[in-house]
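Quick note: residue numbers are just sequence positions, from 1.
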Amino acid sequence: MVSKFLEVLRPALSILPEVQKPNRVRFTDRVVWTVVALFIYLVCCQIPVYGIGKASSSDPLYWLRVIIASNKGTLMELGITPVVTSGLIMQLLQKVNIIPVGDDEESQILFDGAQKLCGLVMTLIEAFAYVMSGMYGPVSEIGYFTALLIVLQLFIAGLICILLDELLQKGYGLGSGISLFIATNICETILWKSFSPTTVTTMRGTEYEGAIIALFHLLLSRQNKVKALKEAFYRGNLPNITNLLATILIFLVVIYFQGFKVEIPVRSTQGQRGQAGKYPVKLFYTSNMPIILQTSLVTNLFMISQVLYRRFSNHIIVRLLGRWVTDPNNGASVPISGLVYYISPPQSIAEMFKDPIHSMTYIAFVLGTCAFFSRYWIYVSNAAPQNVYQQLQAQNLVIAKRHDKAGQMKVLEKFIPTAAAFGGMCIGVLTLAADFLGAIGSGTGILLCVTIIYQYFEIFTKEGEEEGFLSQFM
């Protein structure tokens, strides 16, 4: 039965653009569609927003852009934030039964449409917030027509992002567009900061931005090779070899932890002697969702705080939320006090010890939010013990030596919530370790990148084997 709320939205949902679900798409075609979607995203990341002046204001989302698949000053200014935020809002409203959704296909289609509509509304709100905050200059200077034109461009780009994600998720491509764009943006950042040929003028002279390029340049241009090597490994304000090694280390550690799992023995209820098997409960049971949700939360708090501080910088509540200044090294807008300051990462180990209250608050925030989101996301995403029990029942499977429902639920409730919460905390610990070691792309970004690439590897291996695609290369 369709809820009244969805019925009210039905006329509006009927005019929204939609990707039709295909009957069947070959694996090779899905790979092609995935590459096409990625190409469109990368093109949007390079097209500047028309109407922006040459001198842009400071960037409050500087250290978050790599995670939210955003590129400042381009059509992908908003990144994936509106999509993730709208999805979280709609899922929570469904779970608390404010928007009841039935099991029938019509209800699911209407709910997906409502989620898309919410994503477009969030895109419009965030686009207006960016313009009104003065991120592209004062509205009185750029003009109201140009301001509306900027909002329109960001809205259309947001619609493209939503449709690309829908294209992949409905079966034309592999995985989801959100995950694909995040991983691509992070990999691009890591490669650029490793091999960038851009020169930067510092107090030490002209240096290359890329860590590896800088290593060879310093070794070839400096007389004192030991000092040159030390500078290449530990130089400040620019990527160095230590940052690159920390990135590689975190990559390997995350890949290692991906294999951790508990296997619950199950058997089939069909036949005289049921076939035995195992149901795996991974340590990263909710995958990268805790980090994505936490990033979405922080991004929205930063944006709200920045907008309010620009308009009402002297208001006590606004100052409690956060005070902002511009970093002279990179032009980024950084918080120096208030709530947003204490949930932002310390920029170095030295800063970590300089303000231990900030450091401890940030550690507690990351661990707490990762565990919380991971623990409760299983109920939102239908991966809770009750849902797993129903899935096993649908496949005619039961947990070995547990024939009654109460016994099977006891086993599932013992492992799944624990794996979700503990796995979320492990993700938080790895994120903090990467941040404090100075890994390129931030700890959150690396965690997202590795888990997404691992998911794509599993999808590619599984579906490629089913269609015999991989056998051509063996």
Side-chain angles (χ1 to χ4, degrees), residues 61 63-64 66-69 79-99 115 118-119 122 165 176 178-179 181-183 186 254 257-258 260-261 281-304 339-340 342-345 360-388 412-413 415-435 442-452 454-455:
L61 303 178
W63 64 277
L64 285 171
V66 66
I67 307 165
I68 61 176
I80 62 165
T81 307
V83 185
V84 175
T85 305
S86 63
L88 176 61
I89 291 172
M90 293 300 293
Q91 292 287 346
L92 289 176
L93 290 177
Q94 179 194 359
K95 285 301 172 182
V96 298
N97 214 31
I98 294 177
I99 303 179
Q115 187 166 310
C118 182
M122 288 299 303
D165 181 54
S176 75
I178 301 303
S179 297
F181 302 154
I182 292 174
I186 296 167
V254 175
F257 276 108
Q258 286 282 354
F260 278 52
K261 59 186 176 182
V281 179
K282 293 185 177 181
L283 175 61
F284 295 158
Y285 186 71
T286 52
S287 188
N288 52 29
M289 280 310 299
I291 290 294
I292 292 178
L293 296 174
Q294 186 219 41
T295 302
S296 178
L297 173 65
V298 172
T299 301
N300 284 290
L301 283 175
F302 270 48
M303 185 180 66
I304 293 170
L339 174 64
V340 292
Y342 286 102
I343 63 174
S344 63
M360 295 305 295
T361 305
Y362 174 68
I363 291 172
F365 173 75
V366 171
L367 295 181
T369 51
C370 282
F372 174 81
F373 282 132
S374 185
R375 175 69 173 77
Y376 287 98
W377 184 253
I378 61 176
Y379 299 101
V380 176
S381 61
N382 295 324
Q386 179 66 33
N387 303 111
V388 174
L412 294 174
E413 288 173 350
F415 290 106
I416 291 177
T418 303
F422 184 68
M425 288 193 67
C426 288
I427 288 176
V429 169
L430 290 171
T431 300
L432 293 169
D435 280 334
S442 81
T444 303
I446 293 173
L447 262 293
L448 285 172
C449 186
V450 176
T451 53
I452 291 169
Y454 192 85
Q455 287 173 3

- [ ] Before giving the answer on side chain to side chain contact (heavy atoms under 4.5 Å, CB included), spell out for Val388 and Phe415 the whole-Å C-alpha distance, their side-chain angles and the decisive distance to 0.1 Å.
- [x] CA-CA 12 Å; Val388 174; Phe415 290 106; over 6 Å; no

Task: Pair Phe365-Val298, side chain to side chain contact (heavy atoms under 4.5 Å, CB included): steps then yes or no - done: CA-CA 11 Å; Phe365 173 75; Val298 172; 3.8 Å; yes

Task: Residue pair Tyr285, Ser374: steps toward the side chain to side chain contact (heavy atoms under 4.5 Å, CB included) verdict - done: CA-CA 8 Å; Tyr285 186 71; Ser374 185; 5.9 Å; no

Open item on the list: Between Leu432 and Leu367, does the side chain to side chain contact (heavy atoms under 4.5 Å, CB included) criterion hold? Intermediate values first, please.
Closed with: CA-CA 9 Å; Leu432 293 169; Leu367 295 181; 4.0 Å; yes

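Dense packing is recorded around OH of Tyr454, with more than 12 heavy atoms of other residues, nucleotides or ligands lying under 6.0 Å away.
In this structure, CG on Leu297 lies 7.5 Å from OG1 on Thr369, to the nearest 0.5 angstrom. Note that CZ of Phe422 and CZ of Phe284 are 9.5 Å apart. Values are rounded to the nearest 0.5 Å. Rounded to the nearest 0.5 angstrom, Ile99 CD1 and Leu93 CG are separated by 4.5 Å. Rounding to the nearest 0.5 Å places CG of Leu339 at 10.0 Å from OG1 of Thr361.
The two atoms that bring Ile416 and Ala383 nearest to each other are CG2-O, 3.8 Å, heavy atoms only. Ala384 and Tyr379 make their closest contact through CB-CD2, 3.4 Å (heavy atoms, listed as atom of the first residue, atom of the second, distance). Nearest heavy atoms, Thr451 versus Leu448: OG1-O, 3.0 Å. When all heavy atoms of Pro385 and Leu412 are compared, the closest pair comes out as O-CD1, 3.5 Å. Val281 and Ala419 get closest at one heavy-atom pair: CG1-CB, 3.7 Å. Summarising the geometry of Ile378 relative to Pro417, their closest heavy-atom pair is CD1-CA, 4.2 Å, with the distance given to 0.1 Å.
Considering only heavy atoms from C-beta on, Phe373 stays 4.5 Å or farther from Ile427 through its side chain. Cys370 places none of its side-chain heavy atoms less than 4.5 Å from the side chain of Met425.
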